[in-house]
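Written out below as structure tokens is the structure these notes cover.
As a basis for the values below, the full set of heavy atoms in this structure was taken, side chains included, without hydrogen atoms, waters or symmetry mates.
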Amino acid sequence: MSDLDTAASRSSRSIVRPRRGAGKILPEHARAHNRSLVMQALFHDGAMSRADLARETALTRVTISDLVGGLIADGLVVEQGMREAAGPGKPAMLVDLDRAGHRIVGLDLSGSAEFVGAVLTLDGDIEARASVPVPTDLDHAVGAVLSLARTLVADAAAPVLGIGVGTPGVVDAAGVVLAAPGLGWDHLDLGSILGEAVGLPVIVANDANAAVLAERTFGGAGDDIILVKVGRGVGAGLLTGGEPLRGARSAAGEIGHVTVGTDGGPECACGKIGCLEAWISVPSLSARIDASDDADREGLLRDAGERLGIALAPIVGALDLSEVVLSGPPELLDGTLARAAAETVRTRTLATFHDELQVRMTEQGEDIVLRGAAVMVLSGRLGVS
């Protein structure tokens, strides 16, 4: 054997590759999956019989009967009475989610002036609202969030299933805010702090990641989309195959500090020049428009849309996304800016596949993060999305 062969042999032996987990599917995992199928069917299609559920989920009637019995015992499903007879035979008993028996609290911490929250039904309808000013001394920000959560839990007309929180910054899967400079938070375990304070399950996510869940569950979006949330900053939530894309460091969708163009541009708060956020965030874009003549407004919006399209094109091309949804002030984003972004993406990607790409405004309005926070609780507690 040559020296080269010997070295290669030693090298190959020295590389230890971790074995990928091939975990065994346990009975409790299968049961949880099947419960989720039942809850998902009832959430989207409404009341149905046990036989309907068996057909919808492809589970056996015996399995459905057992699962429904357990869900009724847990207070999550209720019997609603007999279906109206349509022929011979005994009418079927209808079951549905106990929609009147539970509420969800959602918090949106992305505002520059206020933290806002709401009590929501399981269908995402808002029954009560509350807000607190963002403290000028950010050392009191967590206290303000706790106060808002306690107020909303007390206002709920039924037991609260859980609390969902959409916050600026990078948030890991455990609900730890790894970095939210605007709030002065660094590795803040907001989920645990809030959960211990109110005694309820808490799920925390980035505000744009929460928003994209609302768009899919309540807005009818597809499984492969990016939602760009434009406000004080710029962030994005991504779904691929219907699943949230988090990234290796929980920072997927942090597009605000991608530089767009090689022509310089405004200085960003991060210290770089020409970041997307410096071009299209609400404060920066509004300031440029206010300082210009009315005749320049369309040109400024078109330029902002082109900058957004430059940032989005590689993402759309790499992930083969079907639509781009914009969330923010419609007077800035809708119309000229959205059209320019769509055209830029189309000209910078493979036309055969992205000629019909949609760039549109969300119809969820200002409540999109609150409703997304509710979807987080529905998914985490009931397996519903």
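The cluster map of Ile, Leu, Val, Met, Phe, Trp and Tyr, joined by side-chain heavy atoms under 4.5 Å apart, puts L245 and L213 in different clusters. With hydrophobic clusters built from ILVMFWY side chains whose heavy atoms lie under 4.5 angstrom apart, V228 does not share a cluster with L239. In this structure, V212 is a member of the same hydrophobic cluster as V384, with clusters built from ILVMFWY side-chain heavy atoms closer than 4.5 Å. Under the 4.5 Å side-chain heavy-atom criterion for Ile, Leu, Val, Met, Phe, Trp and Tyr, V170 and M376 are members of distinct hydrophobic clusters. Cluster annotation: L107 is not connected to L120 through the hydrophobic network of ILVMFWY side chains, with a link wherever side-chain heavy atoms come within less than 4.5 Å.
Applying the side chain to side chain donor-acceptor pair (under 3.5 Å) rule to S250 yields no partners; only residues at least two apart in sequence or on another chain are considered. By the side-chain contact (heavy atoms from CB on, under 4.5 Å) test, E363 pairs with no residue at all, sequence neighbours left out.
Of the inter-residue distances, the one linking I273 atom CD1 with D263 atom CG reads 11.5 Å to the nearest 0.5 angstrom. The structure places OG1 of T362 at 3.5 Å from CD1 of I368, a figure rounded to the nearest 0.5 Å. Interatomic distance, D296 CG to D303 CG, rounded to the nearest 0.5 Å: 11.5 Å. For the atom pair CD1 of I126 and CZ of R371, the computed distance is 7.0 Å after rounding to the nearest 0.5 Å. Here I104 contributes atom CD1 and T121 contributes atom OG1; the two are 7.5 Å apart, rounded to the nearest 0.5 Å. Here L378 contributes atom CG and F43 contributes atom CZ; the two are 5.0 Å apart, rounded to the nearest 0.5 Å.
Looking at D98 and L122, their side chains never come closer than 4.5 Å, going by heavy atoms from C-beta outward. Between S284 and R288, some side-chain heavy-atom pair lies under the 4.5 Å cut-off. For the pair L238/L319, a side-chain contact is recorded, criterion being any heavy-atom separation below 4.5 Å from C-beta on. Between L37 and E56, every side-chain heavy-atom pair lies at or beyond the 4.5 Å cut-off. In this structure, I255 and I315 have side chains that are in contact, with non-hydrogen atoms separated by less than 4.5 Å. Two residues are said to be in side-chain contact when any heavy atoms from C-beta on lie closer than 4.5 Å; L183 and T167 meet this criterion. Counting only heavy atoms from C-beta outward, the side chains of L308 and V324 never approach each other to under 4.5 Å. Contact annotation: the side chain of V359 never approaches that of V345 to less than 4.5 Å [non-hydrogen atoms, C-beta and beyond].
Nearest heavy atoms, A144 versus V132: O-CG2, 3.7 Å. Scanning both residues, V234 and L276, for their nearest heavy atoms gives CG1-CD2, 4.0 Å. Of all non-hydrogen atoms in E215 and L227, the two that sit nearest each other are CB-CD1, 4.0 Å. A pairwise comparison of heavy atoms in L152 and A118 identifies CD1-N, 3.6 Å as the closest pair. Of all heavy-atom pairs spanning I280 and A304, the tightest one is CG2-O, 3.6 Å. Summarising the geometry of T57 relative to A41, their closest heavy-atom pair is CG2-CB, 4.5 Å, with the distance given to 0.1 Å.
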| task | Kindly determine whether R360 and V325 satisfy side-chain contact (heavy atoms from CB on, under 4.5 Å), including the steps that lead there. | result | CA-CA 5 Å; R360 62 173 178 83; V325 181; 3.7 Å; yes
| query | So D45 and D52, side-chain contact (heavy atoms from CB on, under 4.5 Å) or not? Walk me through it. | reply | CA-CA 11 Å; D45 298 330; D52 295 333; over 6 Å; no
| task | Carefully, step by step, assess V375 and F218 under the rule side-chain contact (heavy atoms from CB on, under 4.5 Å). | result | CA-CA 9 Å; V375 175; F218 298 120; 3.4 Å; yes
| said: Working note: C268 + H257, criterion side-chain contact (heavy atoms from CB on, under 4.5 Å); need CA distance, chi angles, decisive distance, verdict. | reply: CA-CA 8 Å; C268 183; H257 298 288; 3.4 Å; yes
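The list of salt bridge (Lys or Arg N to Asp or Glu O under 4.0 Å) pairs with a residue in residues 221-242, not counting sequence neighbours, reads D207-K229, R216-D223.
A donor atom on one side chain and an acceptor atom on the other are found under 3.5 Å apart for S110 and D108. No side-chain N or O of D66 forms a donor-acceptor pair with one of T63 less than 3.5 Å apart.
Ion pairing between a basic and an acidic side chain is recognised when a charged N comes within 4.0 Å of a carboxylate O; R99 and D125 show no such pairing. Salt bridge status for R50 with E79: present, with a side-chain N to carboxylate O gap under 4.0 Å. Under the 4.0 Å criterion applied to side-chain N and carboxylate O atoms, R103 and D155 are not assigned as salt-bridge partners.
One N or O on the side chain of T347 and one on the backbone of T344 form a donor-acceptor pair closer than 3.5 Å. Judged by distance alone, the side chain of D367 and the main-chain N or O of L370 form no donor-acceptor pair under 3.5 Å. A distance-only check finds no donor-acceptor pair linking the side chain of R297 to the backbone of I289 [under 3.5 Å]. When atom types are taken as modelled, the side chain of Q40 and the backbone of S385 share a donor-acceptor pair closer than 3.5 angstrom.
Within 6.0 Å of the CD atom in E127, the count of heavy atoms belonging to other residues, nucleotides or ligands exceeds 12. Other residues, nucleotides and ligands contribute more than 12 heavy atoms inside 6.0 Å of the NE2 atom of H44.
Checked options P133, P135, S147, S131; the residue passing with F115 is P135 (criterion: side-chain contact (heavy atoms from CB on, under 4.5 Å)).
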